[in-house]
Amino acid sequence: MSSKARKQSSKKGGAGPVAFFVSLFIVALGTIQLASTFHTYALNLAELNGLKKQEAALVAQKRELENDIARWNDKAYVTAQARDRLGFVFPGEQAIRVEHPEAVTGKEESDRGTSYEESTKTVLPWYKELEYSFKQADQSDPVKTGKTAKTTQDTGKKDQQNGQNDQQQADTGRQSGDQQQ
């Protein structure tokens with residue numbers, strides 16, 4: 001009987017380490033699946049919170065736009081905006097415009113639009129502006145070399161003309177492309 005007990009105990013002892021490693025593998029695989037599930041849950045929760053914030057911002061924006069629509073449907077508001085922004089007056093009224101309101105009120109008036117200098121300024125493409133700034137940086141100081149400010153102004157005018165020529169060429173290219181189609 002002792003030999004049978006030894007054989008049975010040796011078979012049980014041999015199966016023990018294999019069963020242990022199989023069970024360890026199953027536990028590790030379950031842990032990885034659980035960690036993956038929690039990770040996905042955390043990502044989805046963060047996305048949900050972000051979407052809720054975005055929804056709240058869009059609802060606030062919608063409310064603001066609806067208020068703007070309601071305001072513009074009011075004739076008194078439209079009249080006030082026409083008077084304020086465009087300087088409209090009713091027939092029989094006399095319009096008075098104060099050139100320097102800060103002198104009267106003591107407060108500086110906020111910018112309501114572009115000034116005359118900003119509106120007449122030609123906007124060049126970014127690469128032309130970059131080229132112009134390089135040219136300006138390469139030029140030496142006119143006071144040191146004895147040059148006049150007129151040459152700098154002439155260069156600026158030439159660059160503006162080049163920018164306008166580029167725009168005309170682009171327009172011509174678009175027109176010829178339309179004609180080919």
Side-chain angles (χ1 to χ4, degrees), residues 1-82 84-86 107-115 117-139 156 159-160 162-181:
M1 200 155 158
S2 67
S3 65
K4 281 185 174 181
R6 282 187 200 156
K7 287 182 182 179
Q8 286 178 354
S9 67
S10 66
K11 287 181 182 177
K12 288 181 182 177
V18 173
F20 173 74
F21 285 115
V22 169
S23 64
L24 185 64
F25 176 74
I26 291 172
V27 169
L29 188 64
T31 305
I32 291 171
Q33 283 290 345
L34 191 63
S36 174
T37 303
F38 283 133
H39 178 71
T40 304
Y41 173 74
L43 289 177
N44 288 341
L45 190 62
E47 183 180 3
L48 179 66
N49 288 336
L51 289 174
K52 283 182 179 179
K53 287 179 184 178
Q54 186 179 6
E55 179 190 18
L58 288 174
V59 166
Q61 183 182 8
K62 179 185 173 197
R63 191 176 310 122
E64 182 179 325
L65 291 173
E66 286 174 346
N67 288 340
D68 285 346
I69 289 171
R71 246 185 271 135
W72 281 103
N73 286 335
D74 183 21
K75 290 188 183 237
Y77 180 77
V78 172
T79 303
Q81 291 300 311
D84 191 38
R85 291 183 181 183
L86 304 173
K107 297 178 183 176
E108 197 168 314
E109 186 177 349
S110 64
D111 293 335
R112 290 190 178 171
T114 59
S115 66
E117 291 124 10
E118 291 175 357
S119 63
T120 59
K121 184 178 175 183
T122 304
V123 178
L124 298 175
W126 67 269
Y127 53 88
K128 286 291 184 183
E129 288 181 8
L130 186 65
E131 178 185 357
Y132 178 74
S133 64
F134 282 139
K135 285 180 183 177
Q136 291 297 320
D138 288 341
Q139 289 180 351
D159 287 341
Q160 284 182 344
N162 288 340
Q164 291 171 352
N165 290 340
D166 289 344
Q167 182 65 34
Q168 290 172 353
Q169 289 173 356
D171 291 340
T172 305
R174 275 192 230 118
Q175 290 173 355
S176 64
D178 291 340
Q179 291 173 357
Q180 288 175 358
Q181 292 177 357

Mind checking the CD-CZ spacing from Q136 to F134? Nearest 0.5 Å is all I need.
->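 Taking CD in Q136 and CZ in F134, the distance rounds to 12.5 Å.
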
Atom pair CD/CG of Q81 and D74 - distance to nearest 0.5 Å =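 The CG atom of D74 is 11.0 Å from CD of Q81, to the nearest 0.5 Å.
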
Under 3.5 Å donor-acceptor, S36 side chain and I32 backbone =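 No.
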
Hey, could you give me each pair passing salt bridge (Lys or Arg N to Asp or Glu O under 4.0 Å) that has a residue in residues 60-70? Not counting sequence neighbours.
->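 Pairs touching residues 60-70 that pass the test: K62-E66, D68-R71.
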
Which pairs pass salt bridge (Lys or Arg N to Asp or Glu O under 4.0 Å) with one or both residues in residues 46-55, sequence neighbours excluded?
->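 Residue pairs passing salt bridge (Lys or Arg N to Asp or Glu O under 4.0 Å), neighbours aside: none found.
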
Sequence neighbours left out, what pairs pass ring pair (Phe, Tyr, Trp, His ring centres under 6.0 Å) with at least one residue falling in residues 48-72?
->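 The answer is W72-Y77.
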
Please tell me if the side chains of S133 and L130 come closer than 4.5 Å, counting only heavy atoms from C-beta onward.
->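 Sidechains of L130 and S133: in contact.
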
With a 4.5 Å limit on heavy-atom distance, are the side chains of N44 and L48 in contact?
->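 Result no, sub-4.5 Å side-chain heavy-atom pair not found.
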
